[in-house]
Amino acid sequence: FAGLVNPCLDITGFEKIDLRRAIRKLSELEAQGKPEARSHSIAFRSSGGWTNETTSPKPSASVLEETDFGKALDIIRKRSIGHIGNFYWLDSSDISADHNLLEDEVHTIIVGNKRRINFTTPNREEDIRYVLSRVRAISK
């Protein structure tokens with residue numbers, strides 16, 4: 001994998017991070033009204049191995065739009081770790097963050113326990129770099 005990716009993105013310079021934190025933080029930011037990404041589907045796992053997943057009816061809708069699910073997710077989020085997050089990173093017209101460089105939404109699936117981020121569609125290199133930098137920043 002590294003041999004295929006290194007010509008455009010040197011992955012040897014990245015430190016290993018806990019992607020489960022990124023899933024939780026993206027969900028927290030969205031719940032606080034400061035979203036960087038819209039969660040289409042999100043799953044949390046308890047320390048006992050139980051998984052809870054919530055999915056919105058369409059990609060353009062956040063899982064938090066359903067008020068009762070949003071309240072339940074607040075409780076679940078505080079007592080578990082991020083497992084899988086299906087996120088649409090918002091473009092710069094959707095949020096007012098100074099650091100957002102995205103011209104269009106970027107769809108990713110973050111698989112926390114596998115330490116993997118899947119970009120589901122072709123993207124510009126600068127968009128991939130931006131998303132990865134934000135994931136690193138919010139995972140600390």
Side-chain angles (χ1 to χ4, degrees):
F1 176 78
L4 293 172
V5 176
N6 272 338
C8 68
L9 182 65
D10 182 10
I11 63 172
T12 61
F14 294 114
E15 65 184 83
K16 289 185 179 183
I17 58 171
D18 188 348
L19 293 177
R20 299 171 302 177
R21 290 182 185 168
I23 295 167
R24 176 188 272 169
K25 185 65 175 178
L26 286 169
S27 180
E28 287 173 356
L29 289 169
E30 189 176 15
Q32 295 167 359
K34 301 181 271 185
E36 292 198 35
R38 179 180 61 256
S39 53
H40 170 47
S41 177
I42 194 161
F44 290 97
R45 178 168 280 178
S46 74
S47 59
W50 293 90
T51 302
N52 179 284
E53 181 176 356
T54 304
T55 303
S56 67
K58 56 187 175 184
S60 60
S62 167
V63 297
L64 297 177
E65 287 181 28
E66 173 62 50
T67 307
D68 291 336
F69 283 165
K71 290 176 186 175
L73 277 174
D74 282 342
I75 295 167
I76 292 165
R77 186 184 316 108
K78 291 174 185 169
R79 298 179 182 172
S80 57
I81 58 174
H83 182 56
I84 299 173
N86 185 339
F87 294 105
Y88 287 82
W89 291 79
L90 304 176
D91 63 48
S92 58
S93 68
D94 286 336
I95 60 175
S96 60
D98 293 336
H99 53 77
N100 188 329
L101 306 174
L102 299 177
E103 294 177 1
D104 296 305
E105 289 187 347
V106 173
H107 184 200
T108 61
I109 298 174
I110 302 174
V111 186
N113 66 328
K114 300 286 187 186
R115 297 182 179 168
R116 187 173 66 221
I117 301 175
N118 299 328
F119 288 83
T120 64
T121 59
N123 294 280
R124 299 177 319 148
E125 178 182 344
E126 53 267 29
D127 292 344
I128 293 171
R129 287 180 181 274
Y130 169 76
V131 168
L132 294 176
S133 73
R134 294 304 305 145
V135 168
R136 279 193 305 279
I138 64 176
S139 294
K140 296 185 184 216

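Values reported hereafter were calculated over all heavy atoms of this structure, with side chains retained and with hydrogens, waters and symmetry mates removed. From a predicted model like this one, the values you see are computed outputs, not experimental measurements.
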Cut-off 3.5 Å, side chains only: do S62 and E30 have a donor facing an acceptor? yes
Tell me yes or no: between the side chains of H107 and T121, is some donor less than 3.5 Å from an acceptor? no
How far apart are the C-alpha atoms of D127 and W89, what are their side-chain angles, what is the distance that settles it, and do they pass the side-chain contact (heavy atoms from CB on, under 4.5 Å) test? CA-CA 10 Å; D127 292 344; W89 291 79; over 6 Å; no
When rounded to the nearest 0.5 angstrom, what is the spacing between [atom1] in [X] and [atom2] in [Y]?
X: E36; Y: L26; atom1: CD; atom2: CG; answer: 6.5 Å
X: I81; Y: R45; atom1: CD1; atom2: CZ; answer: 7.5 Å
X: E28; Y: K34; atom1: CD; atom2: NZ; answer: 10.0 Å
X: I117; Y: I109; atom1: CD1; atom2: CD1; answer: 11.5 Å
X: E125; Y: N123; atom1: CD; atom2: CG; answer: 11.5 Å
X: E103; Y: D91; atom1: CD; atom2: CG; answer: 9.0 Å

Is there a chain of hydrophobic side chains (I, L, V, M, F, W, Y, each step under 4.5 Å between heavy atoms) that links [X] to [Y]?
X: V131; Y: V5; answer: yes
X: F119; Y: I17; answer: yes
X: V106; Y: V111; answer: no
X: L19; Y: Y88; answer: no
X: F87; Y: L73; answer: yes

Over 12 foreign heavy atoms within 6.0 Å of CZ, F69: no
Should we count CZ of R136 as having more than 12 external heavy atoms under 6.0 Å? yes
Which atom names give the shortest non-hydrogen contact between [X] and [Y], and what distance separates them?
X: L64; Y: G70; result: CD2-CA, 3.9 Å
X: S56; Y: A61; result: OG-O, 2.6 Å
X: A43; Y: T51; result: CB-CG2, 4.1 Å
X: S41; Y: E53; result: OG-OE2, 2.9 Å

I want to check something: taking the side chain as every heavy atom from C-beta on, are H40 and V63 in contact at a cut-off of under 4.5 Å? no
Looking at T108 and I110, would you say the former's side chain and the latter's main chain have a donor-acceptor pair under 3.5 Å? no
Before you tell me yes or no, could you show the steps for T54 and F44 under side-chain contact (heavy atoms from CB on, under 4.5 Å), namely the whole-Å CA-CA distance, both residues' side-chain angles and the distance that decides it to 0.1 Å? CA-CA 9 Å; T54 304; F44 290 97; over 6 Å; no
N-O pairing of R77 and D74 below 4.0 Å: yes
Yes or no on side-chain contact (heavy atoms from CB on, under 4.5 Å) for L90 and L102, after CA distance, side-chain angles and deciding distance? CA-CA 7 Å; L90 304 176; L102 299 177; over 6 Å; no
Verify side-chain contact (heavy atoms from CB on, under 4.5 Å) between I23 and H83, making sure each step is shown before the conclusion. CA-CA 7 Å; I23 295 167; H83 182 56; 5.7 Å; no
